[in-house]
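Heads up: the structure comes next, in structure tokens.
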Amino acid sequence: MVRSLGQRRVTVGDEDVRVAALRTAVARLRRQLAVLPADFPDRAIAEDELADLAAMTGHGVPEVPRLHRSLLLIAGAIGSVSALSPGLTDVRHAVELFGDPPGR
């Protein structure tokens, strides 16, 4: 399912499986964040960026630089909230399916 250089994009029906994986990971992390009772200073930033990522998955294949930027903002906002670590890892893996941003 993962695409490397030279391979064609894998789809299920009309949907790119990378987009589906990202949508699933983002939804899972959003649910985990929603039920987290602890409040932390940058929670709103994480929620906003996750909402942006969710919206991007509804409009075809997202821009790779934007995905990486959102991932960095979410990781920075969540910080060391260990309860969210597995969900953040899933989002990171889903973003990595899109490859590195241009210029790397």
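Scope of the values below: all heavy atoms of this structure, side chains included, with no hydrogens, waters or symmetry mates. Only a predicted model underlies this, so the values are computations on that prediction, with no experimental measurement involved.
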Query raised in the report: How would you list, by chain and number, every residue that makes a salt bridge (Lys or Arg N to Asp or Glu O under 4.0 Å) with Glu96, sequence neighbours excluded?
Result: Arg92
Query - Step-by-step side chain to side chain contact (heavy atoms under 4.5 Å, CB included) determination, Glu63 to Met56 - result: CA-CA 9 Å; Glu63 296 176 16; Met56 281 189 259; over 6 Å; no
**Report entry** Gap between atom CG of Leu67 and atom CG of Leu72 - 0.5 Å precision
**Finding:** 11.0 Å
Query raised in the report: Linking I/L/V/M/F/W/Y whenever their side-chain heavy atoms sit closer than 4.5 Å, directly or via other members, would Leu50 and Leu73 fall into one cluster?
Result: no
Requested in this report: Apply side chain to side chain contact (heavy atoms under 4.5 Å, CB included) to the pair Val81 and Leu33, showing each step before the final yes or no.
Outcome: CA-CA 10 Å; Val81 181; Leu33 184 57; over 6 Å; no
Requested in this report: Check whether Ile78 and Ile45 end up in the same hydrophobic cluster, where Ile, Leu, Val, Met, Phe, Trp and Tyr are linked by side-chain heavy atoms less than 4.5 Å apart.
Outcome: no
Report task. With rounding to the nearest 0.5 Å, note down the distance linking CG in Leu88 to CG in Leu71. Result -> 6.5 Å
Query raised in the report: Taking all non-hydrogen atoms of both residues, which atom of Ala21 and which atom of Leu97 are closest, and how far apart?
Result: CB-CD1, 3.9 Å
Query raised in the report: How far apart are the closest heavy atoms of Ala25 and Val91, and which atoms are they?
Result: O-CG2, 3.6 Å
Query raised in the report: Between Arg30 and Ala54, which heavy-atom pair has the shortest distance, and what is it?
Result: NH1-CB, 3.4 Å
**Report entry** Distance-only donor-acceptor check, side chains Arg66 and Ser70, under 3.5 Å
**Finding:** yes
Query - Rounded distance (nearest 0.5 Å) linking atom CG of Leu29 with atom CD of Glu49 - result: 12.0 Å
Requested in this report: Measure the spacing between CG of Leu84 and CD1 of Ile74 and express it to the nearest 0.5 Å.
Outcome: 11.0 Å
Report summary line: Correct closest heavy-atom pair for Gln32 and Gly87 would be OE1-CA, 3.4 Å
Query raised in the report: Please walk me through it: do Arg18 and Leu22 pass side chain to side chain contact (heavy atoms under 4.5 Å, CB included)?
Result: CA-CA 6 Å; Arg18 300 172 302 167; Leu22 180 60; over 6 Å; no
Report task. Determine whether Val61 and Val95 fall in the same hydrophobic cluster, where Ile, Leu, Val, Met, Phe, Trp and Tyr are linked whenever their side-chain heavy atoms lie under 4.5 Å apart. Result -> yes
